[in-house]
Amino acid sequence: MIHTHELYMQRCLELARLGAGLVSPNPMVGAVIVHQGKIIGEGWHQKYGTAHAEVNAINQVKDKSLLAQSDLYVNLEPCSHTGKTPPCADLIVQHKIKRVIIGMVDPNPLVSGKGISLLKEAGIETVLDVLKPACVALNKRFLHAIQFQKPYVILKWAQTRNGFLAPDSLKLSPEKFEEERHITGFMVQRLVHKWRTQEDGIMVATHTVVTDNPALDARAWSGRAPIRVVLDLNLRLPLDKKVFLAPQKTIIVNAIKEGAIDNLHYLKVNVAHNWMEEMLQKLLSFGVQSLVVEGGAKWLNALIEAGYWNEALVFYSPKHISEGIAAPAIGGKLAQQFELDNMLLSQYFNS
């Protein structure tokens, strides 16, 4: 049987997910206010820089006198500092809410237990760690960035049943190459574009830009387009490629120069040292808290070999390619699988 606390916390998580792709670098947070077994207010953090979930939930309550006899559920500890908005813990204390049920403590050093302490000092009862694993999973990107000071890296690719990412343009005729290059259908492509709106950055390497000339936008889904990241260490790519065109911000990881020209930002790394680590740390300073890497094969394999990945999403297609580029060999832990549009989507974690 589902416990009452878990039921309302699940609703918090459902609300929090509505902020996906809109609140980064803040975490996704939902809040529910319950009075005598009835929800009288709920809300979520809708956009970075705007009111937090607790504020929106409290504002929805018509009769504020009920708050003193109500429970507030929230999937992450209420903030205790002034950032873009005032502290949520102070607002909860101001309305003398009876009890606050919290999914998990916020590891952000600016909060990290301080919000809970404020509530307790005001005599407000607190209940902690309700559905904590689900709360952690929801904000894995935010939590990873706080703990490791680099983005949460998601590898993504589609491969054929015989283990190829794409046909080899050097070994096939242009007609045969064009016939075999698309191994996913419209539904998968639309889903991928939806995912892009929920991540901060999307990355490819030089060879992918040369062969595919991708735009790396989210044109098939309404929402925020991610920051484009291109690995071009020697700056050999011509700037008329689609990935460099405005208006999206584009970061060019290279070993030659730094600075910015219009929408292009040059991120310089020292290839004589651990430049992958340096790259990831610098990407976080650009606001890239989560990064999807979509190619090419050499770059995907390099990240896998170096261990710089957290999650992998692999589409297995029933299609066949005669000669092509071999798909990476992913290790890690298989978490779950789904069937979609005649394909098998597998999710792996770097365990």
Side-chain angles (χ1 to χ4, degrees), residues 17-25 28 46-49 141 151-159 165-166 169 178 181-232 235-254 260-267 279-280 282-297 299-300 303 309 311-315 317 340-341 343 345:
R17 289 189 189 97
L18 297 175
L22 301 171
V23 301
S24 180
M28 292 176 279
Q46 298 180 11
K47 187 178 181 180
Y48 177 69
R141 297 158 181 80
Y152 185 91
V153 177
I154 303 169
L155 310 181
K156 186 198 72 64
W157 71 84
Q159 65 181 75
L165 285 179
S169 59
E178 191 61 31
R181 68 187 295 259
H182 297 292
I183 63 175
T184 60
F186 175 76
M187 285 182 61
V188 169
Q189 292 168 20
R190 187 169 168 80
L191 174 62
V192 167
H193 280 232
K194 177 184 178 181
W195 285 346
R196 288 179 179 179
T197 67
Q198 298 175 353
E199 308 298 345
D200 294 326
I202 178 170
M203 185 175 193
V204 294
T206 308
H207 183 72
T208 300
V209 176
V210 171
T211 57
D212 294 347
N213 194 20
L216 296 186
D217 55 21
R219 60 191 178 277
W221 193 269
S222 176
R224 178 194 67 164
I227 295 171
R228 299 175 295 201
V229 183
V230 177
L231 178 64
D232 185 16
L235 293 180
R236 67 183 182 89
L237 289 171
L239 296 182
D240 61 354
K241 292 293 186 180
K242 291 179 183 178
V243 74
F244 298 126
L245 301 180
Q248 276 174 267
K249 182 177 181 179
T250 303
I251 299 171
I252 304 173
V253 179
N254 72 97
I261 304 174
D262 297 326
N263 69 311
L264 303 182
H265 297 255
Y266 292 87
L267 188 163
M279 176 196 73
L280 290 172
K282 287 184 175 180
L283 283 175
L284 185 64
S285 69
F286 275 94
V288 180
Q289 195 176 84
S290 61
L291 178 69
V292 178
V293 180
E294 295 197 356
W299 180 226
L300 288 167
L303 290 169
W309 67 283
E311 183 177 335
L313 297 168
V314 184
F315 289 96
S317 169
L340 176 68
D341 198 20
M343 300 188 72
L345 169 58

Validation row: Y266, L235 side chains within 4.5 angstrom (heavy atoms): yes

Stepwise side chain to side chain contact (heavy atoms under 4.5 Å, CB included) check, W195 with L313: CA-CA 11 Å; W195 285 346; L313 297 168; 3.8 Å; yes

Closest non-hydrogen atom pair, N213 against K241: OD1-CD, 3.4 Å

Closest contact, heavy atoms only, N254 versus I252: ND2-O, 3.1 Å

From CA spacing to verdict: side chain to side chain contact (heavy atoms under 4.5 Å, CB included), L239, L264: CA-CA 10 Å; L239 296 182; L264 303 182; 4.1 Å; yes

Side-chain touch L231/M203, heavy atoms, less than 4.5 angstrom: yes

Side-chain donor or acceptor of N263 paired with backbone N/O of T250 under 3.5 Å: no

Distance (rounded to the nearest 0.5 Å) between M28 CE and R17 CZ: 8.0 Å

A297 versus L165, closest heavy-atom pair with distance: CB-CD1, 3.5 Å

Heavy-atom side-chain proximity of R196 to V292 below 4.5 angstrom: no

Gap between atom CG of L283 and atom CG of L267 - 0.5 Å precision: 5.5 Å

Ion pair check, R224 and D200, cut-off under 4.0 Å: yes

Student check: side-chain heavy atoms of T206 and V209 closer than 4.5 Å: no

Over 12 foreign heavy atoms within 6.0 Å of NZ, K282: yes

Point-to-point distance, once rounded to the nearest 0.5 Å, from CD of E294 to CD1 of I154: 10.5 Å

Result of checking W221, F186, F315 against L191 for side chain to side chain contact (heavy atoms under 4.5 Å, CB included): F315

Nearest heavy-atom neighbours spanning L291 and I202: CD1-N, 4.0 Å

Side chain proximity check, V229 to F286, heavy atoms < 4.5 angstrom: no

Residue pair R228 / D217, side-chain heavy-atom distance below 4.5 Å: no

Option among E311, E199, Q289 that satisfies the side-chain hydrogen bond (donor to acceptor under 3.5 Å, both in side chains) test with R141: E199

From CA spacing to verdict: side chain to side chain contact (heavy atoms under 4.5 Å, CB included), T208, W299: CA-CA 10 Å; T208 300; W299 180 226; over 6 Å; no

Over all atoms of both residues, closest heavy-atom pair of S290 and P151: N-CB, 4.2 Å

Reported CG-to-CG distance for the pair L303 and L280, which is rounded to 0.5 angstrom: 7.5 Å

pair L237-F244: side-chain heavy atoms closer than 4.5 Å: yes

Least distance between heavy atoms, L216 atom then V243 atom: CD1-CG2, 3.6 Å

D262 atom CG, neighbour heavy-atom count above 12 within 6.0 Å: no

